[in-house]
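First up is the structure itself, then whatever we jot down about it.
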Amino acid sequence: MLETSGYDIVKCEEKGVFTMPKMLILDGNSLANRAFYALPLLTTSDGRPTNVLQGFLTMLFRLEQEQHPDYWVVAFDKTKATVRIEQYAGYKAQRKATPEGLRPQFDYLKEILAELDVPMLELAGYEADDLIAAVTKQAEAQGMQIQVYTGDRDALQLISPKTHIYLTKKGISEVECYDEHALWERYQLRPHQIIDLKGLMGDTSDNIPGVPGVGEKTALKLLWEYETVEGVLANAEKVSGKKLQSSLKEYADQARLSKTLATMLTEIPLEFSLEDFIYRRPQANKVLPALNKYDLRNVTRIWQERHSKDEEARQDTAEMSLATWPVRELSEEGWLTQIKQWQNSKTALTLTCRYERTGLQGGRWLEWGVAVSGESFKLSREEVSSKVSEAWLELLANEQVPKILADSKTVDLLLGNENKCLKGVSFDLGLASYLIQASRTKFTPLDLVKEYVPMLDAFDSIAEEAAALAQVAPKYQKDIENLGLEDLLHTIEEPLSLVLAQMERQGIGIDIEQLKHFGEGISITLKQLEQDIYDLAESSFNINSPKQLGTILFEKLGLVAAKKTKTGYSTDAETLEELRSAHPVIEKILDYRQLNKLMSTYVNGLLAQEKEGRIHTTFQQTVTATGRLSSTEPNLQNIPIRLEQGRQLRKIFHATEPGYLLLSADYSQIELRILAHYSQDPLLCESFALGQDVHTRTAAEVFGVSLEAVTSDMRRSAKAVNFGLVYGLTEFGLSRDLGIPRKESKFYIEQYFKRYSGVKYYLESIVAQAKQDGQVRTLFNRLRRIPELYHANRVQRQLGERIAMNTPVQGTAADIMKLAMIQVAEGIKPYRAAVLLQVHDELLLQVAPEDLKKVALILKETMENAFPLSVPMTVDCKVGPNWYDMKPYQPNDNKE
DNA sequence: CGCATCACG
DNA sequence: ACGTACGTGATGCGC
């Protein structure tokens, strides 16, 4: 992604420069060089190098998409004999020859740019720098906003209020924006002083000599004092340091010459008109063959993505300035009439709500914005009678009246506080936006509108907000349609959001006294452990500080550090476990860590969230990359279970109604079953069809023994393999997990894939497919884009491959669970029962004992049959008075 | 605010 | 030679 400093973005918007024509100038040589060294040397199938093409074009297309230039041009050096060599024979003498793989790529690049209709500029005897300076000068005179992209810091001299320089950072995938302010932050220099800086310090890559012995630090100090090269030379007597003084005197001429060399020439003998640089949309019929000629599949994908989105949104972006929908003011009578009219409306109302946070779920609504058919309205609690507001809330609960909202779950929660509810959601913009782009993080109405109207900066009123949402809604609808996400949105995510609202409102019962008691016990042990640790370490320190702990263990006590983190010694549980026998303090620290976690995150954390004997989590529906839910404030999806001590904590969770039981149901091996379904691997499918223990069967296959001969160790290894499969198996991961040598884990994996060749084939195909499409989908069409697959860094690319293997599996499991939740919520309506929590593959309900049998049966059957796969789905139920004391429970459909 | 750590599926 | 299992959220430290 293109990154710019936050400062500049703000600055650009404040100045309203979007109204000025925007020109992008790219330094072809500099960027090509950067790309060449930053990217691995990719080639076409017949061996022509293409990494520069890939890097440069990727950047070009991103800029095109993100910046929407009105003008653009790429400048190239034509370096046979530059003007500067006439000035100074040594100029660029040190520069190394263009490397083998790079040189031909300039020709390829120019050829492609020509097909793209991207204007290019070069002039014999001049460098790209000078052309850029000349174009910039002319463009400034025309009142344009100019962005120069280069890796060459010389360009900083061009900075002005209208011209910003974007310097490539690492490689070329990131750029850093410099304007006057940013330059000052970095160097405390004005733009025109850049040439003085070069004049003094020189530049080895261009072989500009500068003054010997003067580097960046000295040069800056001098310039802060005397401003220019001339100023410094005139005051050479006064500078501190004899050596420096004499250097400045001796090399005065060389400094002046260096400054001249560093000055970009704005006067060049070239007739050009800015009209030549007008941006023209590249034509698919020319672009695609040109990219294809160099096997640039990734670039093609990027271009097509942009292009197709563009085609759809072309008029959008062009005409997508928001219309002002007049705000209708209504009297009491007016409101009642209007609401009555809307009660029969077939046209969707777009609603948005402002509210204050109160102690209750969600809060209290303050005002509504309504937009429909080119008009907008504001309804505020303060200004309307209770009669109007009653009528209004009734309208919200009318399923027949279609409604478009940004966040229907929150709205439903708000209404729930007044015993009202939301019905008739026809389009949830936040959920739509998440399905289109799961990596998004912000879903406020403003963010949602900005997606299509980027220059927007704030809404003046809530009525305007509603009008804006109403106008972007069709764009979202179209995108959802184009991406094939309609069903997922309307049959899963939207209905689910109201189920989640119910769950959040219900909350889960919590025994505060017991929790406090639990905390007191921990506190005592914790104090004792703390003292023991200080005694054993013979010093007191903050045990919660990994830094201090590392110092004590690895310096004071002289233990041998096994691992390092970027900031110092690693002290995580895995590392400490290795050191357990090395020093008695280690065990105490491990115990301390465990208890401290329980105390701070769970005891204190949960106590802080308790309200009237309940805890209400918030389920996030637009956070994860795979389609799972997440749970926050507090997170009730990570309550301890693996270790007994933490597991005890589950005793405090109970039903919200007295006498009710907790009923849990979890999918058994859902991810492996989905893998079986996807891969159709005969062994894996058979294993599930026969109801075998899948890990035991896997062990039998991998170790080549009968089911009866599988030892617990073999099963453990097989389980780790199965586990790893879903994540994108690696030798490293498996060896670490099992604590075995790489060779051994490699052997297991080989054996596994020999037997389960269908799984192997599936995983290979999904990765290949992902590389082609740049994305994967779940069984329900949920989409995840995987830019990591095309990352310059190999580690990132491999991560991309594992994501491609994992996401369809994890995501489909999430889809199935969501579908089941909707059906379960519906199915248990006639009974005294409620869904309380979802923990990815588990649902937790509460139920009146009398309804247990029926509800458990409905629960199990609904979950198992929510979406039949080619292997059976199994759900295990448990029941108990609290979340700890849960006993297996098999509902059966025998008639009573 | 990023990092390290650790809780869950 | 390098750095790696997939997906989350909360806490505390230290810059």
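Note on naming: letters A, B, ... go to the chains in the order of the sequence lines (proteins, then strands), and numbering restarts at 1 for each one.
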Which part of the nucleic acid, if any, lies within contact of [X], taking any heavy atom under 4.0 Å across all strands shown: a base, the sugar-phosphate backbone alone, or nothing?
| X | answer |
| --- | --- |
| Leu629(A) | nothing |
| Thr626(A) | sugar-phosphate |
| Ser570(A) | sugar-phosphate |
| Ala804(A) | nothing |
| Ala814(A) | nothing |
| Arg593(A) | sugar-phosphate |
| Leu734(A) | base |
| Ala813(A) | nothing |
| Phe723(A) | nothing |
| Val839(A) | sugar-phosphate |

Euclidean distance for P, dA4(B) against dA5(C) (whole angstrom): 13 Å
With rounding to the closest Å, how many angstrom separate the P atoms on dT4(C) and dT5(B)? 14 Å
Where along residues 737-769 of chain A does a heavy atom fall under 4.0 Å from DNA chain C? Asp737(A), Arg742(A)
Write down the atom of Arg440(A), the atom of Ser433(A), and the distance for their closest heavy-atom approach. CD-OG, 3.0 Å
Which pairs of donor and acceptor atoms, one on a side chain in residues 808-816 of chain A, lie under 3.5 Å apart (sequence neighbours left out)?
| unit_1 | atom_1 | unit_2 | atom_2 | d |
| --- | --- | --- | --- | --- |
| Gln810(A) | OE1 | Thr626(A) | OG1 | 2.8 |
| Gln810(A) | NE2 | Asn806(A) | OD1 | 3.4 |
| Thr812(A) | OG1 | Tyr678(A) | OH | 3.1 |
| Thr812(A) | OG1 | Leu779(A) | N | 3.1 |
| Thr812(A) | OG1 | Pro808(A) | O | 2.5 |
| Asp815(A) | OD1 | Arg782(A) | NE | 2.8 |
| Asp815(A) | OD1 | Arg782(A) | NH2 | 2.8 |
| Asp815(A) | OD2 | Thr778(A) | OG1 | 2.6 |

How about Lys556(A): does its NZ atom have over 12 heavy atoms from other parts shown lying under 6.0 Å from it? yes
NZ/Lys760(A): more than 12 non-hydrogen atoms of other groups inside 6.0 Å: no
Would you list the atom pairs, donor with acceptor, under 3.5 Å between side chains in residues 746-756 of chain A and any protein atom, with sequence neighbours excluded?
| unit_1 | atom_1 | unit_2 | atom_2 | d |
| --- | --- | --- | --- | --- |
| Tyr748(A) | OH | Glu744(A) | OE2 | 3.3 |
| Arg755(A) | NE | Glu701(A) | OE1 | 2.7 |
| Arg755(A) | NH2 | Glu701(A) | OE1 | 2.7 |

Identify, with sequence neighbours excluded, every residue that meets side-chain contact (heavy atoms from CB on, under 4.5 Å) alongside Lys588(A). Leu529(A), Asp532(A), Ile533(A), Leu536(A)
Between CG of Asp666(A) and P of dG9(B) the distance, given in whole Å, is 9 Å
Span of DNA chain C in contact with chain A (heavy atoms, under 4.0 Å): dA1(C) to dC15(C)
Stem segments of DNA chain C by first residue number [Watson-Crick or G-U, under 3.5 Å, at least 3]: B:1-9 with C:6-14
Thr567(A) side chain N/O closer than 4.0 Å to the phosphate oxygens (OP1, OP2) of dC3(B)? no
